[in-house]
Amino acid sequence: MNIYKEVSNTIIEKLKKVSEIKDFIKDYESSMTVEVPKVRDFGDFSTNVAMLLTKVMGKKPRDIAEILIPYLKEIPFIESINIAGPGFINIKIKNEYIQQWAFTDSLIETKVSGEKIDLDYGGYNVGKNLHIGHLRTTVVGDTFNRIAQFLGYKTKSYNHMGDWGRPMGLTIAWILENGMPKNVDDLNYMYPASSARAKEDKAWLEKAQKITVELQNGNEEYKKIYEAFIPMSLNQVDNILKKLNILRFDENKGERLIAEYVPQVEKILEEKHLIVHSDGAEIIPVKEDSDTEPMPPVMWRSSAGAQTYAAADLTAIYYREKTDHPNAIIYFTDNRQTLHFKQIFRAARLAGFAKDIELQHIGFGTITGADGKPFKTRDGGVPSLEEMLNIVSDSVHARVKESGKELPNDTIEMIALAALKFNDLMHDVKSDYIFDVESVTNFEGRTGPYILYTAVRLNSIIKKVGETKTESKQDLTSEERDLLIFLLDFERVVDTAFERRAPYLIANYSYDLCKLINTFYHNCPILREDVDEGTKAHRLHIVKQSLKVLSTAIDLMGLRVPEEM
Ligand code: ARG
């Protein structure tokens, strides 16, 4: 149930029919809003309509409001109306109406959208451990996937692996000289070492470039080496994704597996005369006259003759259109790739791909330390995701110990996971954020542990009482009322989070919800002896409904709730 939509639609429809304003309102319909005021003391909803019409009607907003109030009072769910400030109309809705919805199963409705969306996140690189730079694409991409599925979209998640470019040539060159890696740590060392050498040693770089091209062209020896080390990397990715409680990718199809389709795309590009030869490379100019920012051409093939990063992405659009026919393809990467995707989307349009498909790139900011620079480990390195989890786990562990509690290890891990993921999710993806381990593991405030703590509390109440019968009451305390209205607002939040590609709305909703739940819990006794049976049953039902919404939000964020905390 989306209470906001119900209420605002009803109010707007009613206002449109009011004879005194009918002729004036037409031009203002789109600016007319019904909002949930920050301070709920004066009303549950408020509308700006009287203020909008003041000019065309030549009347004071308060006078217009006076005209409208009797009409609004005809709406059955409205309890009372008052005018605030310059002419805001504040509306309070009836308890009965809140209860009617809050106590039915339609609190959260399942939906079927039928639309298909391809999601591209993760995009890990073979031969390199997952590091802090992969946190946001993984966590936000995964949560977005869950949100879309929750809203009934058919999603397909792609892990567009970086597994066919120059890093492969550099790694193979290293192996040819030093032998096969014995384990994944060995492997992860090779590419950076080889890459550092290539910066100093031109011949080494050229060798790696040559190997890359030959690997792409099917050289048997290189292929054998490649196939021997790939599983080590994939295994490592799998393990960390499991720890992070990330849904399985539907397709691990990246640069290598898309290579099969590159010739088809090349043919189309050539037929449309989109490829230009430039210094031995093949490029696709995508600049438009109206561009005010630099817009370099897409690098289709490198001068060494290798398939490029851009070619893989352009071909992937072609492939996804052909096989999935999605309504949209959404990419989640950090914002340093914004230009890359602009170029690719333009090239796709020029080639006539994805005509009916929305192509969208969501670019992330950086995770920084207190100094505003990219977050580093104590010894100055880029932390792997494994290390990030360990740093957070250690902090949780210390806190728990300090409080004199003892919790099993998997509980500590669940808390650490929530701390890390929630902190990532609660920030608007576009902005940078500071990672401070002490504040993310706090059990109070806007943190993952606080969210889990609230869920554990609700679970334990339910466990204590077992089955309850539903009881609805007409008189509500203000804590009960605020909480119930907020529960009914959940669907709107999920819808908006989806539309704006903004999972942070769900994280922040969860926090606000937990605050309301805890205020309710502290002010409205449930199991105390002096509470009468009717009130008790009613409050237990509020607990249940709160738990339902909170658990759904927790699932959307991919957190796991422990038994106790
Ligand atoms: N492997 C790339 C990198 O680490 C990210 C891939 C992002 N996704 C994509 N379709 N290009 O920079």
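Whatever order the structure lists them in is the order used to number ligands and atoms, beginning at 1. Bear in mind the structure is a predicted one, so any value in this text is a computation, not a measurement.
- For D334 (side chain) and F364 (main-chain N/O), no donor-acceptor pair under 3.5 Å exists by modelled atom type.
- Remark: R500 is not positioned above the aromatic ring of F498, lacking an NZ or CZ atom under 6.0 angstrom from the ring centre and at most 45 degrees off the axis.
- Evaluation of the side chain to side chain donor-acceptor pair (under 3.5 Å) test over residues 206-217, restricted to residues two or more places apart or in two chains, returns K202-E206.
- E321 meets the salt bridge (Lys or Arg N to Asp or Glu O under 4.0 Å) test with no other residue; sequence neighbours excluded.
- Figure legend: R320 and Y158 shown as a cation-pi pair, the cationic atom lying under 6.0 angstrom from the six-membered ring centre and within 45 degrees of its axis.
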What are the distances between nitrogen or oxygen atoms of ligand 1 and protein nitrogen or oxygen atoms, counting only those under 3.5 Å?
unit_1	atom_1	unit_2	atom_2	d
ligand 1	1 (N)	G123	O	2.8
ligand 1	1 (N)	N125	OD1	2.8
ligand 1	4 (O)	N125	ND2	2.9
ligand 1	8 (N)	D120	OD1	3.3
ligand 1	10 (N)	D120	OD1	3.3
ligand 1	10 (N)	D120	OD2	3.0
ligand 1	10 (N)	D313	OD1	2.8
ligand 1	11 (N)	Y309	OH	2.7
ligand 1	11 (N)	D313	OD1	3.4
ligand 1	11 (N)	D313	OD2	2.7
ligand 1	12 (O)	Q337	NE2	3.3

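- Listed by first and then second residue, the side chain to side chain donor-acceptor pair (under 3.5 Å) pairs involving residues 137-153 are Y121-N145, Y124-T138, D142-R146, N145-Q149, N145-T155, Q149-T155 (not counting sequence neighbours).
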